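Bear in mind the structure is a predicted one, so any value in this text is a computation, not a measurement. Residues: numbered from 1 along the sequence shown. Values reported hereafter were calculated over all heavy atoms of this structure, with side chains retained and with hydrogens, waters and symmetry mates removed.
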Amino acid sequence: MAAGFSPRFLLNKTRASVCFVQRRHRVKTKWAGSRPKVPATDLALQHFDATYGLQLGDLWPSVRIGMLSEKKYGALLNNFASDSDIVSSFHSQGCRDFISAARSTEKDTPAERPPQAPELHHHTAAPLISNIQCFVFPRGDVSRFKPARPDSNGLLSYYLLDAASVLPALALDVQPGHSVLDLCAGPGGKTLALLQAQAVRFLWANDLSGSRTARLRRTLQSYLPRELLTEDRVYITSLDGRQWRSNDEHKFDKVLVDVPCTTDRHSLMEEDNNIFKRSRTKERQRLPLLQMELLLAGIQATRPGGDVLYSTCSLSQLQNQCVVEQAISIAQQEMDITVKVQNLSSFVQLFSDTFLFAPQPAVGELVLPHLCANFGPIYMCKLQRMS
């Protein structure tokens, strides 16, 4: 016979086992709030270990140590300043201009590395003449440069930057009378290096970011005399560089496309503005598409026979050679524009005493960080738009 329970007993048991919460006090657990917070720098390191470990193989451990260490700077000399003692001061500290040193030690027959895709390449000679000067401390010397001081005209005598950042400006090889487009110019280091060649007839410096454009203006005002900052000499805009694809009014002899990228060293060292934050995952995943669109815009802005220099500060093959190869293919198939990769092996040979270059890259050249020469990473690929 079944045991009988009174309704009152069942109601009391139910009340004791169930906790009722009023609707206004109910809070849904937030997944983003409950997920463990991992620093963006740690996420970047995990990503790099997984991808660059496979890409670079045995080179990755030394590159990894270099990227996690303090980077080495170079001092880009301001040819428009009147401080005549700065060069002797650099020499007294043991510094050398790596550009003039490369020219003086140039070998008659440099050993060139054969490209892995020879059908994409044709040879280009390294530039032998340049007014650009950049001083660095010797290999293994981690001394720091002092902040630059203004001369009698208020112009700073040198600009501190990663010395490898000067290489794209050198490889572009601007000649007297050339017009130049710097499509992603902010914050201004490479733009300033291009102007130090003292060969540019007209330079258009553009960057989508308003804050980076403002910083670019301040940089140029600190290093260039006022007569060079007129709009017929240096024109600064804040436009979407991808829109240059529909601009047929302006064609340039030389175009620098220094695209936004994962900025590998910054991503490992700084939490601020780190693209590896979880909130910026989609932005990071869209980078190769953005980079390809910017490179295509740069190709279209180049006159037939002119040169485009694509560069990043990343080791990523997806952002480097894959972007270049895809852009070349689309330019040919959809725009009927033939683009050739120029062989920079003789250029690399000139500066191999200062920088560590990746051995035998498929397309372009890559500067690898290394404790004895802790510059980079910098990737660059020079393209010529054929007539």
Might you confirm whether atom CD of Glu227 has over 12 heavy atoms from other residues, nucleotides or ligands at distances under 6.0 Å? yes

Heavy-atom pair of closest approach, residues Leu294 and Leu183: O-CD2, 3.4 Å

Working to the nearest 0.5 Å, report the span between OG of Ser222 and CG of Leu155. 8.5 Å

When you check the side-chain N and O atoms of Thr41 and Glu270, is any donor under 3.5 Å from an acceptor? no

In this structure, CG of Asn374 is separated from OG of Ser69 (nearest 0.5 Å) by 6.0 Å

If you measure from CD on Gln326 to CD1 on Ile328, what distance do you get to the nearest 0.5 Å? 10.5 Å

Is there side-chain contact between Val259 and Leu295, with heavy atoms separated by less than 4.5 Å? no

Have Arg96 and Thr354 got a donor and an acceptor in their side chains that come within less than 3.5 Å? yes

Using a 4.5 Å cut-off on heavy atoms from C-beta on, say whether the side chain of Lys146 contacts that of Gln93. no

Could you pull out the closest heavy-atom pair between Met386 and Pro304, with the gap in Å? O-CB, 4.2 Å

State which residues pass side chain to side chain contact (heavy atoms under 4.5 Å, CB included) with Ser82; sequence neighbours excluded, sorted by chain then number. Asp151, Ser152, Asn153

Within the structure provided, determine whether Ile99 and Val166 are in side-chain contact (heavy-atom separation under 4.5 Å). yes

Decide side-chain contact (heavy atoms from CB on, under 4.5 Å) for Asp85 and Ser88; before the verdict, give the C-alpha distance in whole Å, the side-chain angles of both, and the deciding distance to 0.1 Å. CA-CA 5 Å; Asp85 298 329; Ser88 59; 4.3 Å; yes

Is there a side-chain contact between His266 and Ile275 (heavy atoms, below 4.5 Å)? no

Do Met269 and Lys71 make a side-chain contact, defined as non-hydrogen atoms from C-beta onward lying under 4.5 Å apart? no

Quick one: do Asn320 and Cys381 satisfy side-chain contact (heavy atoms from CB on, under 4.5 Å)? Show the steps, please. CA-CA 8 Å; Asn320 296 338; Cys381 183; over 6 Å; no

Distance col, row Gln291:CD vs Gln319:CD, nearest 0.5 angstrom, shows 4.5 Å

Main chain of Gly376, side chain of Asp162: is a donor-acceptor contact present, judged purely on distance under 3.5 Å? yes

Under 3.5 Å, side chain of Gln133 to main-chain N/O of Leu76, donor-acceptor pair present? no

Which heavy atom of Arg385 sits nearest to which heavy atom of Lys251, and what is that distance? NH1-NZ, 3.9 Å

From Arg284 CZ over to Arg278 CZ, what is the distance, rounded to the nearest 0.5 angstrom? 10.5 Å

Starting from the C-alpha separation in whole Å, work towards a yes-or-no answer on side-chain contact (heavy atoms from CB on, under 4.5 Å) for Gln198 and Asn79. CA-CA 8 Å; Gln198 298 179 315; Asn79 292 323; 3.6 Å; yes

Check whether the side chains of Asn78 and Gln196 place a donor and an acceptor atom closer than 3.5 Å, and report yes or no. yes

Phe48 vs Tyr52 aromatic rings, parallel, tilted or perpendicular, using cut-offs 30° and 60°? parallel

May I ask you to test the Leu256-Met380 pair for a side-chain heavy-atom distance under 4.5 Å? no

Looking just at side-chain N and O atoms, do Thr262 and Ser267 make a donor-acceptor pair shorter than 3.5 Å? no

Residue pair Phe357, Phe351: steps toward the ring-ring contact (aromatic ring centres under 6.0 Å, His included) verdict: CA-CA 9 Å; Phe357 290 91; Phe351 301 109; 7.8 Å; no

Parallel, tilted or perpendicular, judged at 30° and 60°: which one describes the rings of Tyr379 and Tyr310? perpendicular

Looking only at heavy atoms, which two atoms of Gly177 and Asp253 are closest? And how far apart? O-OD2, 4.2 Å

Is there side-chain contact between Ile86 and Phe135, with at least one heavy-atom pair below 4.5 Å? no

Rounded to the nearest 0.5 Å, the NZ atom of Lys254 sits from the NZ atom of Lys382 at a distance of 4.5 Å

Evaluate side-chain contact (heavy atoms from CB on, under 4.5 Å) for Leu172 paired with Leu194, printing each intermediate quantity in order. CA-CA 9 Å; Leu172 202 52; Leu194 288 168; 4.0 Å; yes

Taking C-beta and beyond as the side chain, do Ser311 and Lys190 meet within less than 4.5 Å on heavy atoms? yes

Honestly curious: do Leu208 and Leu220 fall in one hydrophobic cluster under the side-chain, below-4.5 Å linking rule? no

For Trp244 and Ala301, the nearest pair of non-hydrogen atoms, with its separation, is CD1-CB, 3.7 Å

Are Tyr73 and Phe355 connected into the same hydrophobic cluster when the rule is that any two of I, L, V, M, F, W, Y join if their side-chain heavy atoms are below 4.5 Å apart? no

Assess the residue pair Asp83 and Arg149 against the criterion (salt bridge (charged side-chain N to carboxylate O under 4.0 Å, His left out)); give the C-alpha distance rounded to whole Å, side-chain angles, the decisive distance to 0.1 Å, and a yes or no. CA-CA 9 Å; Asp83 189 349; Arg149 295 182 178 181; over 6 Å; no

Does the side-chain hydrogen bond (donor to acceptor under 3.5 Å, both in side chains) test come out yes or no for Thr237 and Asn206, once each step is laid out? CA-CA 5 Å; Thr237 55; Asn206 176 74; 2.8 Å; yes

Is it true that the side chains of Asp141 and Ser143 contain a donor and an acceptor less than 3.5 Å apart? yes

Is Asp264 reaching over with its side chain to a backbone N or O of Pro377, donor-acceptor style, under 3.5 angstrom? no

In one Ile/Leu/Val/Met/Phe/Trp/Tyr side-chain cluster, 4.5 Å: Val339, Ile330: yes

Between Ser329 and Gln333, do the side chains contain an N or O donor and an N or O acceptor separated by less than 3.5 Å? yes

In this structure, would Leu318 and Leu289 fall into the same cluster of hydrophobic residues linked by side-chain contacts under 4.5 Å? no

Please say yes or no: joined through hydrophobic side-chain contacts below 4.5 Å, possibly via intermediate residues, are Phe98 and Leu371 part of one cluster? no

Minimum-distance pair of heavy atoms, taken over all atoms of Leu224 and Leu192: CD2-CD1, 4.2 Å

Pair Asp207, Ser209 - check side-chain hydrogen bond (donor to acceptor under 3.5 Å, both in side chains), show working. CA-CA 6 Å; Asp207 199 284; Ser209 169; 4.6 Å; no

